[in-house]
**Student:** 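I have a structure I would like to understand better, so I am pasting it below and will then ask my questions one at a time.
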Amino acid sequence: MNTIPHKPQTSREHRPQIPPPTNPTRKIKAHVIQTDGLTNCQYVAGADVAYNEIQQRMVGAIVVLNAETLEVVEESTHEMDITFPYVPGLFSFREVPPLIEAYKKLSTKPDLIVCDGHGVAHPKGAGMASHLGVELGVPTIGCAKSRLVGGYEEVGHERSASSPLLIGDQEIGRVLRTQDGIKPMFVSVGHLVSLETACSWVLKLCPNYRQPETTRKADALVRTIMKERTEIGYPEE
DNA sequence: GCGACAG
DNA sequence: ATCTTGTCGC
Ligand SMILES: [Mg+2]
């Protein structure tokens with residue numbers, strides 16, 4: 001039985017339930033490749049989504065950067081109705097759809113996508129970064145701001161210091177300090193990238209801030225668009 | 001049964 | 001994620 005998890009209903013939202021998004025790609029974990037599948041990485045992209053729960057709308061974006069200079073090469077966005085609530089562990093079903101659509105609109109396809117959420121550091125080894133990577137067949141990295149699963153020892157306070165994120169004796173990811181004395185990021189394999197390569201890229205993408213430039217650019221873009229929709233409204237409405 | 005819980 | 005006032009520091 002495939003049903004959408006109930007969102008804590010406040011009181012006045014008697015909107016009929018929308019059918020769950022069809023996802024042909026089940027068993028994501030079985031398809032994830034944790035070794036490097038990229039040689040020359042010319043373009044690195046960031047992906048993020050912003051929401052307006054009131055209007056049941058969301059906007060996702062993929063922002064492609066020149067991997068060398070970190071300058072923006074191309075931006076792509078996609079707006080759609082929210083069809084799945086936020087449930088820890090089921091984040092993919094909420095955030096991946098708009099990202100897939102935004103990706104399709106890109107002229108310059110990225111060689112690597114850095115996601116704002118976990119990859120294999122997930123209860124079932126299939127976080128949103130892995131879902132996106134497998135569905136697109138593109139290398140992805142999971143770079144989350146907080147822990148979902150796994151345990152770890154305290155991380156050194158200097159930039160680049162890290163501590164393995166473990167489930168038993170298995171390293172599912174790495175807690176990586178991207179800026180001196182600032183809360184570390186949680187890096188994990190998404191798809192077609194090794195954990196070592198993933199951490200290397202995240203550090204390279206965090207020259208001045210805690211979060212990767214890729215994520216920051218995508219976040220700023222969707223935030224601005226969502227704000228416009230909230231203040232000015234949707235076109236033709 | 002009680003906590004934990006990506007964005 | 002989004003909301004939201006104030007505060008601290010450059
Ligand atoms: Mg985000």
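Naming: A, B, ... by sequence-line order, numbering from 1 per chain.
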**Student:** If you check the D116(A) side chain, which of dT2(C), dG7(B), dA6(B) turns out closest?
**Tutor:**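 Nearest to the side chain of D116(A) among the choices is dG7(B).
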**Student:** Does anything in residues 197-216 of chain A pair up under salt bridge (Lys or Arg N to Asp or Glu O under 4.0 Å), and if so which pairs, sequence neighbours excluded?
**Tutor:**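 Sorted pair list: E213(A)-R216(A), E213(A)-K217(A).
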**Student:** Base, sugar-phosphate, or nothing: which does Y51(A) touch, judged by heavy atoms less than 4.0 Å apart?
**Tutor:**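 Since only primed, P, OP1 and OP2 atoms lie under 4.0 Å of Y51(A), the category is sugar-phosphate.
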**Student:** Would you write the dot-bracket representation of DNA chain C, where each base gets (, ), [, ], | or . depending on whether it forms a Watson-Crick or G-U pair under 3.5 Å and with which partner?
**Tutor:** ..........
**Student:** Please identify each residue that fulfils ring-ring contact (aromatic ring centres under 6.0 Å, His included) with F186(A), with sequence neighbours left out.
**Tutor:**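 F186(A) satisfies ring-ring contact (aromatic ring centres under 6.0 Å, His included) with Y152(A) only.
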**Student:** When you check every protein heavy atom under 4.0 Å of nucleotides 3-9 of chain C, what one-letter string (B, S, -) results, 5' to 3'?
**Tutor:** -------
**Student:** Side-chain heavy atoms under 4.5 Å apart, restricted to Ile/Leu/Val/Met/Phe/Trp/Tyr: what other residues fall into the cluster of I33(A), or is it alone?
**Tutor:**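 Taking Ile, Leu, Val, Met, Phe, Trp and Tyr as members, I33(A) shares its hydrophobic cluster with L192(A).
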**Student:** Just jot down the side-chain contact (heavy atoms from CB on, under 4.5 Å) partners of Q170(A), sequence neighbours excluded, or say none.
**Tutor:**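 Q170(A) satisfies side-chain contact (heavy atoms from CB on, under 4.5 Å) with no other residue.
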**Student:** What residue pairs, at least two apart or across chains, pass ring pair (Phe, Tyr, Trp, His ring centres under 6.0 Å) with a residue in residues 209-228 of chain A?
**Tutor:**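 Not a single pair qualifies under ring pair (Phe, Tyr, Trp, His ring centres under 6.0 Å).
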**Student:** Please enumerate all residues that pass side-chain hydrogen bond (donor to acceptor under 3.5 Å, both in side chains) together with T108(A), with sequence neighbours excluded.
**Tutor:**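 Listed in chain order: E74(A).
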**Student:** Counting the atoms with a prime plus P, OP1 and OP2 as sugar-phosphate, which does G89(A) contact under 4.0 Å by heavy atoms, base, sugar-phosphate, or nothing?
**Tutor:**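 Result for G89(A) = base.
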**Student:** Just the atom pairs and distances: protein N or O near nucleotides 3-5 of chain B's N or O, under 3.5 Å.
**Tutor:**
{"from": "dA4(B)", "atom 1": "O3'", "to": "R147(A)", "atom 2": "NH2", "distance (Å)": "3.4"}
{"from": "dC5(B)", "atom 1": "OP1", "to": "R147(A)", "atom 2": "NH2", "distance (Å)": "2.8"}

**Student:** Identify all stems in which DNA chain B takes part, counting only runs of at least 3 consecutive pairs (Watson-Crick or G-U wobble, each distance under 3.5 Å), and give each as one range with another, ordered by first number.
**Tutor:**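 Listed by first number, the stems come to none.
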**Student:** Strictly by ring pair (Phe, Tyr, Trp, His ring centres under 6.0 Å), give each pair with a member in residues 50-74 of chain A just once, sequence neighbours left out.
**Tutor:**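 Listed by first then second residue: nothing to list.
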**Student:** What is the nucleic acid contact for A121(A), judged by heavy atoms within less than 4.0 Å: base, sugar-phosphate only, or nothing?
**Tutor:**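 If one applies the 4.0 Å heavy-atom cut-off, A121(A) turns out to touch nothing in the nucleic acid.
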**Student:** Which pairs of donor and acceptor atoms, one on a side chain in residues 112-123 of chain A, lie under 3.5 Å apart (sequence neighbours left out)?
**Tutor:**
{"from": "D116(A)", "atom 1": "OD1", "to": "K145(A)", "atom 2": "NZ", "distance (Å)": "2.8"}
{"from": "D116(A)", "atom 1": "OD2", "to": "K145(A)", "atom 2": "NZ", "distance (Å)": "3.3"}
{"from": "H118(A)", "atom 1": "NE2", "to": "S146(A)", "atom 2": "O", "distance (Å)": "3.1"}
{"from": "H122(A)", "atom 1": "ND1", "to": "K124(A)", "atom 2": "N", "distance (Å)": "2.8"}
{"from": "H122(A)", "atom 1": "ND1", "to": "A126(A)", "atom 2": "N", "distance (Å)": "3.4"}
{"from": "H122(A)", "atom 1": "NE2", "to": "G89(A)", "atom 2": "O", "distance (Å)": "2.8"}

